[in-house]
Colleague: 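Pasting a structure here, questions to come.
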Amino acid sequence: MRVHHLNCGCMCPIGGAWFDGFSKGLTARLVCHCLLVETERHGLVLVDTGFGSRDVAVPGERLSGFFRAFNNIHFEHRLTALEQVRQLGFDPADVRHIVLTHLDFDHAGGLSDFPEARVHVLQREYDAARGSHGFLGHRRYRHRQWDEVRHWQFHEPGGDTWFGFQSARELVGLPPEILLIPLTGHTHGHAGVALDTGDGWLLHAGDAYFYRDEVGQVERHCTPGLAFYQRLMEVDRSARLANQHRLWTLSLEHRSEVTLFCSHDARELERLQSRSPSLAPQAAVGGAG
Ligand SMILES: [Zn+2]
């Protein structure tokens, strides 16, 4: 398989380095790290979708004012997965599967750009999104982004273990090299997506952690802004912290076998894009900041 690392959204909250650890100015730069996977027999597989063309066209109808303002989302058509699939020379209809870490607004916005794709998610996440309530519940889960999905494929935990983590049962229609790894805490049905590239494993950890120094080094560190945001968005603190600890352990003990990354860290995305460049630089990371 061939894996492209895409940035499908730019969020620039006020706070600069207080969030991202590197910005010099007032605003930070957070990305929406998605994957486009070329498989041999199953067409193109998208892992998460970031913001989609409908979000860019009518953000006021699709997203909450609270998160548009708080995250200072920059909407750009060129960052949509739809546009980047085209830029890579593919037909969007070739995207046959979309595997989601969870259904938050900054991960599911592009679903409506690929109406023929089969959408894989943990059953528990779908149930949580459908039954969402309260101030944050209504604002994080945006039904309009996924109401029109025609081909859902829900999954339950119960597959083989993967480096000590539980996995979901075989994902129907997908190659066995792609696994859903339940990592609850940020949401009730949050999952990571593991891919056996043939040259080591990739684990897209979604929003199970937010900052690069939370994994991969003995001293764990998160910026205050992202520590605050993670607490704001969590639904189960003990599960979130336990899973983060397990990811940290994985990153130290299996460093040579598993490359771990999260959704919103721009530096992680840049590192992986430089390892496997597949896009013109201006399309690759993009965004202001
Ligand atoms: Zn997110």
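Counting starts at 1 for both ligands and their atoms, following the listed order.
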Colleague: Which other residues belong to the hydrophobic cluster containing Leu30, where Ile, Leu, Val, Met, Phe, Trp and Tyr are joined when side-chain heavy atoms lie under 4.5 Å apart, directly or via other members?
Modeller: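 When side chains under 4.5 Å apart are linked, the cluster holding Leu30 also contains Met11, Trp18, Phe19, Phe51, Val56, Leu63, Phe66, Phe67, Phe70, Ile73, Phe75, Phe105, Phe135, Leu136, Phe210, Tyr211, Leu226, Phe228, Tyr229, Leu232, Met233.
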
Colleague: Can you pull the ring pair (Phe, Tyr, Trp, His ring centres under 6.0 Å) pairs that have at least one residue in residues 82-101, sequence neighbours excluded?
Modeller: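 Pairs touching residues 82-101 that pass the test: His97-His120.
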
Colleague: For the Zn ion (ligand 1), check which protein N, O or S atoms are under 2.8 Å away and list them.
Modeller: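 Those protein N, O or S atoms (cut-off: under 2.8 Å from the Zn ion (ligand 1)) are Asp106 OD2, His107 NE2, Asp207 OD2, His264 NE2.
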
Colleague: Tell me, do Arg130 and His143 make a side-chain contact under 4.5 Å, heavy atoms counted?
Modeller: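 Arg130 reaches His143 side chain to side chain.
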
Colleague: What residues, two or more places apart in sequence or in another chain, satisfy salt bridge (Lys or Arg N to Asp or Glu O under 4.0 Å) together with Arg255?
Modeller: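 Arg255: no salt bridge (Lys or Arg N to Asp or Glu O under 4.0 Å) contacts found.
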
Colleague: Can you tell which of Val3, Thr259, Val37 makes a side-chain contact (heavy atoms from CB on, under 4.5 Å) with Thr197?
Modeller: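 Option passing the side-chain contact (heavy atoms from CB on, under 4.5 Å) with Thr197: Val3.
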
Colleague: Between the side chains of Glu268 and Gln273, does any donor sit under 3.5 Å from an acceptor?
Modeller: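 No, no side-chain donor-acceptor contact under 3.5 Å.
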
